[in-house]
There are 2 protein chains.
Amino acid sequence: MENERTGVGKTITIYDIAKEAGVSASTVSRVLTGNAAVRQDKKERIRSIIQKYNFKPNALAKGLSDTSTKTIGIIAADVRNPYYSALFVACEVAAEKAGYSVSLANSLGEKEREQAQLDLLLQQRVDAIIQMGGRVDDLITDDAYAEKVRSVCRTTPVVVTGKLDKAPVHSVVIDEAMGMNLVMEHLIGLGHKKIALVGGEMRVNSTYLKYQKYREILAKYGIQENGEYVVNGTYDPETGYEATNKILELKDRPTAIIAINDFAASGALRSIREHRLHVPEDISVISFDNTYIADLVMPKLTSVDYNYEDYGKLLIETATSAAEGKDTANVRMVQPEIVERDSTGPAPRSSRK
Amino acid sequence: MENERTGVGKTITIYDIAKEAGVSASTVSRVLTGNAAVRQDKKERIRSIIQKYNFKPNALAKGLSDTSTKTIGIIAADVRNPYYSALFVACEVAAEKAGYSVSLANSLGEKEREQAQLDLLLQQRVDAIIQMGGRVDDLITDDAYAEKVRSVCRTTPVVVTGKLDKAPVHSVVIDEAMGMNLVMEHLIGLGHKKIALVGGEMRVNSTYLKYQKYREILAKYGIQENGEYVVNGTYDPETGYEATNKILELKDRPTAIIAINDFAASGALRSIREHRLHVPEDISVISFDNTYIADLVMPKLTSVDYNYEDYGKLLIETATSAAEGKDTANVRMVQPEIVERDSTGPAPRSSRK
DNA sequence: ATTAAAATTGAAATCGGTTTCAGATTGAAC
DNA sequence: GTTCAATCTGAAACCGATTTCAATTTTAAT
């Protein structure tokens, strides 16, 4: 059956190594794990045999035996979204440094998939699960789903990006209020008073928090909120495009648009361009997430960054310390920061009448 | 130790189910796998107990026992690149349909990481490995690396996106020549004769194949190749930007630019814009990969698509059938197709002197 | 050279499944 | 009511590691 291509050469085990070294499997295991002393000469002999066969211990057997796989399962809404891919890679790198590996599953926004992914990761006995985005927000309304997550938490620690009261999960949340605060102060500092908000669903907590802060800051500066300036939708370019179309038809146009993310902002840019207006001379655009898209479109977008590297590190740290039974703060915050590029500028004079 | 949050409630096993059902573990296993008959009433009783506890068999034990994990390891160069994320998600979906799950690792273009990932996947006893991009091309020059891959192939089937002679891997390749052929015919059909090629490294096979075809088609139409029209680099926007800057300074400007991918094309668009030229009126731009970026930039890019869904399906099918020992063709091809958008148009009159 | 203490070592149990093999039931046919 | 075949079932071995426990070998001290 030895097929040159698919070749399944019999895999070599710890026993094979033991036999060749003339020791017991226990001893080989000891040099593998380093958890116990082995006489120097034997240790070297065993090591060289391991080298020679390029032996890699079976992780399944290992995991079965010591009930830790050193693996963290990650469920992301969709890695095709650069926000999630950036976060995932940051997690992967951080996990590696912590001696863990990661396993990714995409829920693609479908609740059934997400539940299936949870089950799969549970079966694979990951040490912890990180859930990025996804249907987390449904926990608030969907009781069956909440029960599911609660049941998962009973066996495996779960870390979610976002806040959650209905299940005993750990949270790493972006300080959305601070993010919006930075955005508003930035725009108002540039002289903007007519500020629109584009994209996002209010039922999504992160969006709702942004909106709250948006209103708060308007109030703080004594600016009357204009209901027509807030157009919700989803998180894609199309939403940004259509919402902006609507907004640019208003008699009293805003001088700045805050997009819920870079995708929505790219749609906004397209709409503005089609209206023969210029960014940032006629209208400023600012967005959240600072994905590479912000750097790709014209003009480059001013966007709120989360420092994905730190964000991932925090997620992994939370997950690993929970997995190792360390008791940790159950809510941690990520601080956002504005990266200025070319899409924001002073409010046009004409608007400052 | 029962912590409400990290709660490690003792995991329930097949033996617990067996005891409660008053049968042996073997019988429970039989209803789990369905590989053998079990009397109807017992089967139902066991099923209901499994339900009741929401029991999920330990995948480690299962994998250890039947030496198949129903998992396919995927090593991608970088999922942050939409080409890879699209392909990965397509694989994930296809794998799911085939009863497999996938495990992703990113090599981030580092050879050492890639080897570490290979080892990790091997330890996890994945049934097959799919390698997307990455340092595959180094196999041609790096003998140690080639030996590594060969050694992996000895125990686990490997599928790579690209062609490879130095190791017994399975290949799924994009028909690059066909892709370039479509591009050239498209441009020439629009009256372009001065066609530039931007980005990519010649040592990378897929790039080299495109270049070959580019020359071939020029020759076919009796167009003299202009060395200044081919500017290599890497695969990012910066490359496209700089290469295009160089090209637009030429006395005899091209009327069309072929970018190695959508990223490079976005850089090209920026350069063209800064030169106050218009796409496609003054110059056409076309690229490869048809990622969502093509739809995001202005104008939207005409780009060569690979039908990621089929591409992923093909990769998974190759991987699973290799894993299951079926003998399959070892090279399969993906057929590209042009998706026309707004960045290509007729060559400007002035150039048709 | 003894002896107690310290360092190594291997046998065997364990992790949680699957599968073989032989024995026990059940059913159909007569 | 037998009889023989077809179904079911459980005990035990196995997958490949780790770890406990007791035994053995070394080393140090007297």
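Excluded from the calculations below are hydrogen atoms, water molecules and symmetry mates; all remaining heavy atoms, backbone and side chain alike, are included. In what follows, chains are A, B, ... by sequence order, proteins preceding strands, each numbered from 1.
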- Query: Between B:Leu64 and B:Val38, which has a closest nucleotide on DNA chain D that is more 5'?
  - Reply: B:Val38
- Residues passing the side-chain hydrogen bond (donor to acceptor under 3.5 Å, both in side chains) test with B:Glu44, sequence neighbours excluded, are B:Gln40
Keeping [X] on the side-chain end and [Y] on the backbone end, is there a donor-acceptor pair under 3.5 Å?
X	Y	answer
B:Ser171	B:Val173	no
B:Asp16	B:Thr13	yes
B:Gln131	B:Val160	no

Send over the distance from [X] [atom1] to [N] [atom2], rounded to a whole Å.
X	N	atom1	atom2	value
A:Asp16	D:dC15	CG	P	11 Å
B:Lys62	D:dA17	NZ	C1'	20 Å
A:Leu32	D:dT18	CG	C1'	10 Å
B:Gln123	D:dG16	CD	C1'	13 Å
A:Gln124	C:dG16	CD	C1'	16 Å
A:Leu122	C:dG16	CG	P	14 Å
B:Asn58	D:dA17	CG	P	16 Å
A:Ile14	D:dC14	CD1	P	18 Å

- Overall bend - the helix from C:dA1-D:dT30 to C:dC30-D:dG1, comparing terminal axes fitted on five pairs, nearest 10 degrees: 30°
- Item | Where protein sits on nucleotides 19-29 of chain D, one letter per nucleotide: B base, S sugar-phosphate only, - none, heavy atoms under 4.0 Å | BB---------
- Note on the structure: Interatomic distance, CD1@A:Ile129 vs CG@A:Leu120, rounded to 0.5 Å, equals 9.5 Å
- Message: Nearest 0.5 Å, please: how far is NZ in B:Lys52 from CD1 in B:Ile17?
- Response: 9.0 Å
- Among A:His170, A:Lys326, A:Arg332, which one satisfies side chain to side chain donor-acceptor pair (under 3.5 Å) with A:Thr318? A:Arg332
- Message: Please determine whether a side-chain nitrogen of the Lys or Arg among A:Lys148 and A:Asp119 lies less than 4.0 Å from a carboxylate oxygen of the Asp or Glu.
- Response: yes
- Before accepting this row, confirm whether a basic side-chain N of the pair B:Glu147/B:Arg154 lies closer than 4.0 Å to the acidic partner's carboxylate O. yes
Under 3.5 Å donor-acceptor pairs involving side-chain atoms of residues 91-99 of chain A, not counting sequence neighbours:
unit_1  : atom_1 : unit_2   : atom_2 : d
A:Glu92 : OE2    : B:Asn106 : N      : 2.9
A:Glu96 : OE1    : B:Arg113 : NH1    : 2.5
A:Glu96 : OE1    : B:Arg113 : NH2    : 3.4

- Residue-level proximity of residues 40-54 of chain B to DNA chain D when a heavy atom falls under 4.0 Å: B:Lys42
- Item | Polar side-chain contact A:Tyr15-D:dG16 base: donor and acceptor under 3.5 Å | no
- Scan B:Val28 against the nucleic acid and name what it touches under 4.0 Å (heavy atoms): base, sugar-phosphate only, or nothing. nothing
- Item | Any A:Ser24 side-chain N or O less than 4.0 Å from OP1/OP2 of C:dG10 | yes
- Query: Judged by modelled atom types alone, do B:Gln115 and B:Tyr145 share a side-chain donor-acceptor pair under 3.5 Å?
  - Reply: no
- Residues which pass salt bridge (Lys or Arg N to Asp or Glu O under 4.0 Å) with B:Lys43, listed by chain and number, not counting sequence neighbours: none
